[in-house]
Amino acid sequence: MSGQAITPRSVDFSGWYQDIIREAELADYGPVRGTMVIRPYGYAIWEHIQRNLDRRFKETGHVNAYFPLFIPYSFLQKEKEHIEGFSPELALVTVGGGKELEEPLVVRPTSETIINYMFARWIKSHRDLPLLINQWANVVRWEMRTRPFLRTLEFLWQEGHTAHATYEEAEAEAQRMIEVYRDFAENDGAVPVIVGRKSRLETFAGAIHTYTMEAMMGDKRALQAGTSHNLGQNFAKAFEIRYLDEHNELQYVWQTSWGLSTRFVGAVIMVHGDDKGLRLPPRLAPIQAVIVPIWRDEAQRANVLAAVEQLQRLLADAGVRVEADVRPQHTPGWKFNYWEMKGVPVRVEIGPRDVETNTVVLARRDMPGKAGKTAGVPVEGVAERVRELLDEVQTALFEQARAFRDANVHDVRSYEELREVIQAGGWARGWWAGSDEDELRVKEETRATIRCFPFEQPDGEGPCLLTGKKAERVAIFARAY
RNA sequence: CGGGGCGUAGCGCAGUCCGGUUAGCGCGCGUCGUUCGGGACGACGAGGUCGGAGGUUCAAAUCCUCUCGCCCCGACCA
């Protein structure tokens, strides 16, 4: 912890992002290019992401399991589009125990193949369906260009894999899970998202439909924050996953897969962070309230520390994740800055004046300086007040991010308007009936891609912004991470 | 993989063009003292194979060759 000021966000977003990761002690670079060490504070955020997602998965009937890291290379080749999509970024193990392996092993880039291989052995009857499984795991994708949390050679995620009797059930599941992600992102992460379907070009390798939630970062670039796929019967046919239906006839299952990764930590940083550091949504914050004591002499110190201890217990008993920073070597001012860098949503200050009046000072991270500070808050009922404040911060962060997002999504009617909006860094929304080639052309000329066709669509139809043809839906274009 | 930049103390950098005492500075770190309501101050101190290898030279952080790594911008992607 060097304690230095970080690069201002407006000067160099990328530099700012990296500074935050270092200064808030979220992660460090690993010795191998493109790898990162997730440090305890960063990992704690991930643990809260896990906890909140896992609860939702269980509530929707899913169970956790674990599948192997190594996958026979031949498994990936069974699904044509899947292998084509992933082969450029595979890590292969060719030597084991000092001997050349007969068949190389793939370090999983995702687990559809190995999980579906197992599904084929487990699914016999319609009574075995639906099969709803999730796994928490690491995966490896040999990316060219890496960035902490957003794209690393190895990352942590969860991947859900399900099998159903009908297309309709699988489709419902794929959409249910993107809705679970949206609920999590917006309510726990305070990250507003636009949910929709990917274009054919952007659809997952091996899927028939890919759903996504797209979030706008502080530099207005888009980030795919979670995806859900309707895999149709592609893998079922590749792995012979069949069941006997009620009429004693063999049927292929219909499947989904869905994932959300440590990338979401990057989203939280880039959506909420400011020039003072991280701003964590209370529901994901490892520490929700930090107590900073203030004293001048030994007598005051004893009194203040006694009050701090009492306060800490009050808050902890009320279910607030609280920490007291009693380190003697730092001044209060230093600690204010330190915990602001760490993004702790609420700070409780307690000094001699407060002890005398049996009050505390509360400060909220989302509002800068004095505006977010309230003095003279009675200790009596302080836990309730802190809990309310945490809810207020949670809501405020979400509203702020949503206002920013909404202010930067622009409706466009022509290619010219689209170019202008993209050039200015915003998101462009417009009627689209273009072909894959048209989409590629837009990408080549503007570096923007179709992020999704939002579920939320305007009524009626309109002329395609590029071709002028009749379009039945709008697409959102943006430059993305 | 193309383009650009950079490797000197934990972090940020100066020194490199033009070779020459014991390689500096700020922050951080340790001890002691004074401090403490928005990044305190003083004194003393610890910390370096100058990314690596080879070469040129009386002498290399500095010049030459090779090499490794990291960051940024592109193409590819959660």
Side-chain angles (χ1 to χ4, degrees), chain A residues 1-7 12-15 17-19 22-23 25 28-36 85-90 109-110 138-159 181 198 201-202 204-205 210 212-215 222-229 257-267 276-277 292-298 300-301 304 326-341 347-355 360-361 363 368-370 372-373 375 440 443-444 447 449 479-481:
Chain A
M1 185 59 207
S2 65
Q4 294 304 291
I6 57 176
T7 307
D12 172 8
F13 194 83
S14 199
Y17 178 74
Q18 292 180 77
D19 285 352
R22 185 185 65 247
E23 292 297 320
E25 300 169 305
D28 209 340
Y29 295 101
V32 174
R33 176 197 75 87
T35 62
M36 74 167 174
F86 279 105
S87 58
E89 50 190 50
L90 291 181
T110 179
N138 58 340
V139 287
V140 168
R141 297 181 186 179
W142 216 262
E143 302 288 356
M144 288 306 182
R145 170 121 182 267
T146 60
R147 218 186 263 268
F149 289 112
L150 300 183
R151 186 171 300 104
T152 48
L153 295 196
E154 177 189 2
F155 58 92
L156 304 182
W157 75 347
Q158 57 70 215
E159 46 181 324
Y181 286 152
K198 283 292 188 190
L201 282 179
E202 303 276 333
F204 177 74
T210 287
T212 177
M213 59 174 181
E214 299 286 325
L223 184 77
Q224 178 172 316
T227 54
S228 177
H229 315 293
S257 69
W258 26 275
L260 185 146
S261 73
T262 36
R263 163 179 270 197
F264 198 85
V265 176
K276 305 213 90 187
V292 176
I294 297 152
W295 65 74
R296 281 173 193 280
D297 54 44
E298 279 308 301
Q300 288 182 346
R301 179 172 176 270
V304 167
V326 298
R327 290 178 291 179
Q329 70 269 34
H330 295 300
T331 62
W334 189 94
K335 290 176 184 174
F336 296 166
N337 285 285
Y338 176 83
W339 292 107
E340 279 166 3
M341 179 63 66
R347 181 178 70 236
V348 186
E349 302 171 20
I350 181 158
R353 293 204 298 264
D354 308 296
V355 171
V360 298
V361 175
K370 291 212 161 68
K373 243 177 166 174
L440 281 171
K443 181 176 180 181
E444 201 151 300
R447 280 162 52 209
T449 49
R479 288 181 185 160
Y481 276 98

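A, B, ... follow the sequence lines: proteins, then strands. Residue 1 opens every chain.
Of the possible polar contacts, none joining the A:Thr152 side chain to the A:Met36 backbone as a donor-acceptor pair under 3.5 Å is found. In this structure, the side chain of A:Arg141 does not engage the main chain of A:Pro88 through any donor-acceptor pair within 3.5 Å. The backbone N or O of A:Trp334 sits nowhere less than 3.5 Å from a side-chain atom of A:Asn337 that would complete a donor-acceptor pair. Using modelled atom types, one side-chain atom of A:Tyr181 and one backbone atom of A:Gly259 make a donor-acceptor pair closer than 3.5 Å. At distances below 3.5 Å, not a single donor-acceptor pair connects side-chain atoms of A:Arg347 with backbone N or O atoms of A:Ala363. A:Tyr17 places a side-chain N or O within donor-acceptor distance of the main-chain N or O of A:Pro148, the cut-off being under 3.5 Å.
Annotation: B:C11 and B:G55 have their P atoms spaced 30 Å apart (nearest Å). Comparing the P positions of B:A9 and B:U49 gives a spacing of 8 Å, expressed to the nearest Å. Remark: the separation of the P atoms in B:U35 and B:C71 is 47 Å, to the nearest Å. Using atom P as the reference point in both B:U65 and B:C17, the two lie 14 Å apart (nearest Å). Spacing between B:C25 and B:G48 at atom P, rounded to whole Å, works out to 15 Å. The separation of B:G54 from B:C68, taken at their C1' atoms, amounts to 14 Å, rounded to a whole angstrom. Between B:G37 and B:G33, the two C1' atoms lie 23 Å apart (nearest whole Å). Rounded to a whole angstrom, the distance from the P atom of B:C13 to that of B:U8 is 9 Å.
Rounded to an integer number of Å, the gap from A:His330 NE2 to B:A40 C1' is 13 Å. When rounded to the nearest whole Å, the span between CH2 of A:Trp142 and C1' of B:A78 equals 17 Å. The distance between atom OH of A:Tyr17 and atom P of B:C72, rounded to the nearest whole Å, is 10 Å. In this structure, CG of A:Leu150 is placed 13 Å from P of B:C71, rounded to the nearest angstrom. The distance between atom CZ of A:Arg263 and atom C1' of B:C77, rounded to the nearest whole Å, is 8 Å. Between the OH atom of A:Tyr181 and the P atom of B:A78 there is a distance of 13 Å, rounded to whole Å.
When heavy atoms are screened at a 4.0 angstrom cut-off, A:Arg147 is found touching the sugar-phosphate backbone but no base atom. Residue contacts shown for A:Leu223 are absent, as no nucleic acid heavy atom lies under 4.0 Å away. In this structure, A:Phe155 reaches the bases: a heavy-atom distance under 4.0 Å links it to at least one base atom across the strands shown. A:Glu159 comes within 4.0 angstrom of nothing in the nucleic acid, heavy atoms only. In this structure, A:Val361 reaches the bases: a heavy-atom distance under 4.0 Å links it to at least one base atom across the strands shown. Counting any heavy atom pair closer than 4.0 Å across all strands shown, A:Thr152 reaches a base atom. Contacts of A:Arg353 with the nucleic acid, taken as non-hydrogen atoms under 4.0 Å apart, include base atoms. Using a 4.0 Å heavy-atom criterion, one finds that A:Gly259 contacts no nucleic acid atom at all. Counting any heavy atom pair closer than 4.0 Å across all strands shown, A:Thr227 reaches no nucleic acid atom. Note on A:Asp354: a base of the nucleic acid sits closer than 4.0 angstrom, heavy atoms only.
No hydrogens or angles were tested; on distance alone, nothing pairs the side chain of A:Glu349 with the base of B:G38 as donor and acceptor under 3.5 Å. Within 3.5 Å, a donor on the side chain of A:Lys373 pairs with an acceptor on the base of B:G38, or the reverse.
Look at B:C63: its Watson-Crick or wobble partner, with both distances under 3.5 angstrom, is B:G55. Remark: B:C18 base-pairs with no nucleotide; criterion is Watson-Crick or G-U wobble with both hydrogen-bond distances under 3.5 Å. Summarising the base pairing, B:C29 is matched to B:G45 through a Watson-Crick or G-U wobble pair whose two defining distances lie under 3.5 Å. The pairing partner recorded for B:G7 is B:C68, the criterion being a Watson-Crick or G-U wobble arrangement whose two distances lie under 3.5 angstrom. Pairing for B:C76 is absent, with no Watson-Crick or G-U wobble pair whose two atom distances lie under 3.5 Å. Across all strands shown, B:A40 forms a Watson-Crick or G-U wobble pair with B:U34, both key distances being under 3.5 Å.
You'll find that the side chain of A:Ile294 is closest to B:C36, out of B:G38, B:C36, B:C77. Ranking B:C76, B:G38, B:G74 by closeness to the A:Glu143 side chain, first place goes to B:C76. Closest to the side chain of A:Arg151, out of B:C1, B:G38, B:C77, is B:C77. Comparing B:C36, B:C77, B:G38 against the side chain of A:Trp295 picks out B:C36 as the nearest.
A:His229 and A:Thr210 are linked by a side-chain donor-acceptor pair at a separation below 3.5 angstrom, with hydrogens and angles left out of the test. Side-chain polar atoms of A:Arg147 and A:Ser14 form a donor-acceptor pair below 3.5 angstrom.
For A:Arg22 and B:C11, the shortest distance from a side-chain N or O to OP1 or OP2 is not below 4.0 Å. Taking only side-chain nitrogens and oxygens, A:Gln18 comes nearer than 4.0 Å to OP1 or OP2 of B:C72. Within the structure, every side-chain polar atom (N or O) of A:Lys198 is placed at least 4.0 Å from both OP1 and OP2 of B:C77. When the side-chain nitrogen and oxygen atoms of A:Thr331 are compared with OP1 and OP2 of B:A40, one or more of them lie within a distance under 4.0 Å. Between B:C36 and A:Arg296, a contact under 4.0 Å exists linking OP1 or OP2 to a side-chain N or O.
Both the sub-6.0 Å distance and the 45° axial angle are satisfied by A:Arg327 relative to the ring of A:Tyr338.
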Any N/O pairs under 3.5 Å between the protein and nucleotides 4-8 of chain B? List them or say none.
none

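No more than 12 heavy atoms of other residues, nucleotides or ligands sit less than 6.0 Å from atom CZ of A:Arg296.
Two residues, A:Pro148 and A:Lys443, neighbour RNA chain B, and the one matched to the more 5' nucleotide by heavy-atom proximity is A:Pro148. Nearest-nucleotide positions on RNA chain B place A:Asp12 closer to the 5' end than the other of A:Asp12 and A:Ala480.
Between A:Glu340 and A:Lys335 there is no salt bridge, since no side-chain N of the basic residue sits under 4.0 Å from a carboxylate O of the acidic one.
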